[in-house]
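Counting from 1, the numbers follow the sequence of the chain as shown. These numbers come from the heavy atoms of this one structure, side chains and all, not from hydrogens, waters or symmetry mates.
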Amino acid sequence: MRAPELAGDVWLNTGGHRLTLAELRGRIVLLDFWTSGCVNCLHVLDELRPLEEEFSDVMVTVGVHSPKFLHEGERASIEAAVRRYEVHHPVVNDPQMALWSQYAVRAWPTLVVVDPEGYVVHVAAGEGHGEALRRVVADLVVKHAAKGTLRRGGNPYVPVEEQDGELRFPSKAVATAEGRILVADTGHHSVVEFASDGETVIRRFGSGERGAQDGPFDLATFTEPSGIALLPNDVAQRVGYHAVVADTAGHRLRGLDLNTGEVSTIAGTGRQWRDGSDTGKAVDVDLTSPWDVAWWAPAGGVVVAMAGNHTLSVFDPASGDIRRFAGTTVEGLRDGDVHEAFFAQTSGLAPDGDKLWLADAETSALRWIEPEGESFTVHTAIGVDLFSFGHSDGPADQALLQHPLGLAVLPGDRIAIADTYNGAVRRYDPFTREVTTLANGLAEPQGLLLHDGVLLVVESAGNRVAPVGVEATTVAGTAHAVRRPPTVLAPGNVEFSVVFAPPPGEKLDERYGPSTRLEISASPPELLADGAGVGTDLVRRVRFAEGVTEGVLQVVAQAASCDEGGEHPACRITRQDWGVPVRFEAGGQRQLSLVMAGEPKGTPPGQ
């Protein structure tokens, strides 16, 4: 089917030029539908880097930024995201999600391959498609070189001008026992140690290059570090390091010895977790985008916000073990026992005695965990679901946030919230359950630190750490919802399927049983009368409850595939989560199909 023409309100990394598929005819075009706040989309950016390098003379990647949150659609926000995540290909902003609809996209991230003649030939939703895409593109190169329809050379990418500064998109900060301030300088792939004034640089952990090298502070390398946690002094003395750093895009935890300056890897293999056990010896376990870390005694170690799969882990520095602590890997907002609760890209942690506060970015929620009997229970203070957000103060059950990323405990057990996409610092009072606003007009605040009685905010897009006041005001804002159009279904029974076709040269891996897995749930849970649960078939009949008019169908699918032939074939796991808004009307669809990987069928809407 013919690919719809590109359109959008802002083009980046092109020198202001608006690209068209017509002028790219003869090149293979890879469209990456993403949004800057989606951690899975950030994973895909890293997956695409080697592919872009390998096929640089025949393939053009175009990022289609279809924002989930209101802030993400603003020009300044997408410009910052392109610089922050070192995106080195053209990007078009799709604020009204017009291209999203024309290409029938249903999930972030989604990758679409357009061949040199302008036809959509492959669609892949989710992450883990790097090798599959390499095979698809290589196959297209051979085919179109033979036809004479392949054009080589000519890259439309124009790099943006970078600005120098001490900090580049910093994220979190902590204060040491000596009063010094450690700041995760994410964009410079390092951790900066400031004097107590927050301005004088003592030293920098990390050379500034992306990487995972251990060793002396000036030679070690990080990859987009974020959260930092200080260990209790007795624990630090036993293990030989004082701070734990969430090396987010490196999928590792790193230890900092503040006496010698030595950096060491204490958890993670560097491979991103996709399936299997996430419990064991920490250096042998795959992690996935650890975003924040905090020492919390009730859990027995360092709690790790594993944003990449919507879970929390606990790392024990003394034993060197790590284990799943909370979450199921399903993205959503569900309270209750930690082993059954749903989280959504947890990005900020703040321990306060027996409570651990957390910011769930994708549900715009403030939540907490506390011991209950022999287990732990999850509660929600602010937040509704995956698609509701805004800037509104007042009673907590009516207040709204927009993609918060950081927290701090204030005097009186009040909680300060880095309300990132609202550019604000908010305050929640757990006794009155009231929400107020402390500061506005900030440049994407991501971290908060109460230091010597002063609340410091890490303004990521402002490249600085600055004090903010604590005078509360009340904002009577407007509620917003994600603008993604719902899928209109017929009430009752619907035939549901997930499409997965192994790429050229691969087959489904059925050596040890079924190669696929499908998990279906819903929000609200009563949306589904039948068909919820886990199975191995990617086709299932689901029945929706009578009287329910709308909701969100939550789907997690994965498939295992291996190279065809060979004594020791390479095998891979492909996985995708969908949160599909659905509405029920007479005459709606009685079939719903989601594409995880394969050739598209039919014609995109509007074509």
Donor-acceptor side-chain pairing of Thr223 and Asp247 below 3.5 angstrom: no

Given 3.5 Å as the limit, does a donor-acceptor pair link the side chain of Asp335 with the main chain of Thr380, or not? yes

Salt-bridge criterion met for Arg210 and Asp46 (N-O under 4.0 Å): yes

Backbone N/O of Pro4 and side chain of Tyr103: donor-acceptor pair under 3.5 Å: yes

Pair Thr516, Thr536 - check side-chain hydrogen bond (donor to acceptor under 3.5 Å, both in side chains), show working. CA-CA 5 Å; Thr516 56; Thr536 58; 5.7 Å; no

Given His480 and His71, is the ring-ring contact (aromatic ring centres under 6.0 Å, His included) satisfied, shown in steps? CA-CA 11 Å; His480 299 283; His71 173 75; over 10 Å; no

Return the orientation label for the Phe325 and Phe376 ring planes: parallel under 30°, perpendicular over 60°, tilted otherwise. perpendicular

Is the shortest distance from a Lys or Arg side-chain nitrogen in Arg323 or Asp316 to a carboxylate oxygen in the other one below 4.0 Å? no

Do side-chain atoms of Ser515 reach the backbone of Leu508 as a donor and acceptor pair under 3.5 angstrom? no

Mind checking salt bridge (charged side-chain N to carboxylate O under 4.0 Å, His left out) for Glu550 and listing every partner two or more places apart, or none if nothing turns up? none

For the residue pair Asp286 / Gln272, report whether a side-chain donor-acceptor contact shorter than 3.5 Å exists. no

What I'd like to find out is whether the side chain of Leu349 reaches to under 4.5 Å of the side chain of Leu358, using heavy atoms alone. yes

May I ask you to decide if Arg543's main-chain N or O and Asp530's side chain share a donor-acceptor pair within less than 3.5 Å? no

Quick one: pull up CG in Leu6 and CD in Gln102 and give me the separation to the nearest 0.5 Å. 9.5 Å

Residue pair Ser289 / His43, side-chain donor-acceptor N/O under 3.5 Å: yes

Going by the angle between their ring planes, with limits at 30° and 60°, are Phe33 and Trp100 parallel, tilted or perpendicular? perpendicular

Regarding Arg134 and Glu131, does a basic nitrogen lie under 4.0 Å from an acidic carboxylate oxygen? yes

CD1 of Ile520 to CG of Leu528, rounded to nearest 0.5 Å, is 7.5 Å

Which of parallel (below 30°), tilted (30 to 60°) and perpendicular (above 60°) describes His379 and Trp368? parallel

Between Arg84 and Ser460: side-chain donor-acceptor atoms closer than 3.5 Å: yes

Does Gly250 offer a backbone N or O that forms a donor-acceptor pair with the side chain of Arg252 under 3.5 Å? yes

Partners of His65 by ring pair (Phe, Tyr, Trp, His ring centres under 6.0 Å), sequence neighbours excluded? Trp34

Is it true that a side-chain atom of Arg540 and a backbone atom of Leu518 form a donor plus acceptor pair closer than 3.5 Å? yes

Give a yes or no on whether a salt bridge exists between Glu127 and Arg274, defined as a side-chain N under 4.0 angstrom from a carboxylate O. yes

Student check: side-chain heavy atoms of Asp32 and Val44 closer than 4.5 Å: yes

Treating Lys68 as the side-chain partner and Glu362 as the backbone partner, does any N or O pair qualify as donor plus acceptor under 3.5 Å? yes

Do Thr35 and Glu72 get their side chains close enough for a donor-acceptor pair, meaning under 3.5 Å? yes

Below 4.0 angstrom, N of the basic side chain to O of the carboxylate: do Arg135 and Asp563 qualify? yes

Quick check against the 3.5 Å criterion: does Thr110 have a side-chain atom that pairs as donor or acceptor with the backbone of Val105? no

One pair to check against side-chain hydrogen bond (donor to acceptor under 3.5 Å, both in side chains): Arg254 and Thr265. What are the steps and the verdict? CA-CA 5 Å; Arg254 315 292 291 281; Thr265 296; 3.3 Å; yes

For the residue pair Phe69 and Phe389, does the interplanar ring angle fall in the parallel (under 30°), tilted (30 to 60°) or perpendicular (over 60°) class? perpendicular

Looking at every non-hydrogen atom in both residues, tell me the closest pair between Phe387 and Gly579 and how far apart they are. CZ-O, 3.5 Å

Taking all heavy atoms of Ala341 and all of Gly336, pick out the closest pair and write down the distance. CB-O, 4.5 Å

Could you state the interatomic distance from CZ (Arg324) to OG (Ser277), rounded to the nearest 0.5 Å? 8.5 Å

Would you mind reporting whether Ile28 and Phe55 have side-chain heavy atoms less than 4.5 Å apart? no

Carboxylate-amine/guanidinium contact Asp321 Lys281, below 4.0 Å: yes

Report the C-alpha separation of Gln213 and Thr221 in whole Å, then their side-chain angles, then the decisive distance to 0.1 Å, and conclude whether the side-chain hydrogen bond (donor to acceptor under 3.5 Å, both in side chains) test is met. CA-CA 5 Å; Gln213 181 177 328; Thr221 55; 5.1 Å; no

So, is the end of the Arg367 side chain (NZ or CZ) under 6.0 Å from the ring centre of Phe343 and within 45° of the ring's axis? yes

Do Glu585 and Arg583 meet the salt-bridge criterion of a basic N to acidic O distance under 4.0 Å? yes

Leu253 versus Val304: any side-chain heavy-atom pair under 4.5 Å? yes

Note, Phe500 side chain near Leu538 side chain (heavy atom, < 4.5 Å): yes

Strictly distance-based, threshold 3.5 Å: is any side-chain N or O of Gln345 a donor or acceptor partner for the main-chain N or O of Gly37? yes

Is any side-chain heavy atom of Leu312 closer than 4.5 Å to one of Thr346? yes

With distance as the sole criterion, is a donor-acceptor pair present between the side chains of Thr329 and Thr311 under 3.5 Å? no

Minimum heavy-atom distance between His310 and Asn40, given as atom pair plus value: NE2-OD1, 4.4 Å

With no hydrogens and no angle check, just 3.5 Å: does a side-chain donor-acceptor pair link Ser561 and Arg572? no

To the closest 0.5 Å, what do you measure between CG (Leu553) and CZ (Arg106)? 10.5 Å

Contact between Leu133 and Leu111 at the side-chain level, heavy atoms closer than 4.5 Å - yes or no? yes

Within 45° of the axis and under 6.0 Å from the centre of the six-membered ring of Phe496, does NZ or CZ of Arg541 qualify? no

Rounded to the nearest 0.5 Å, the OG atom of Ser497 sits from the CG atom of Leu594 at a distance of 7.5 Å

In terms of heavy-atom contacts, Ala344 and Thr363 come closest through CB-CG2, 3.6 Å

Answer yes if the side chains of His189 and Glu86 hold a donor-acceptor pair under 3.5 Å, and no otherwise. yes

Measuring from Arg575:CZ to His129:NE2, what's the distance to the nearest 0.5 Å? 12.0 Å

Smallest separation among heavy atoms of Thr61 and Pro90, with atom names: O-CD, 3.2 Å

Which atom names give the shortest non-hydrogen contact between Val498 and Ala557, and what distance separates them? CG1-CB, 4.0 Å

Stepwise salt bridge (Lys or Arg N to Asp or Glu O under 4.0 Å) check, Glu519 with Arg517: CA-CA 7 Å; Glu519 180 176 356; Arg517 180 182 185 275; 3.4 Å; yes

Mark yes or no for whether Asn93, through its side chain, and Pro95, through its backbone, hold a donor-acceptor pair below 3.5 Å. no

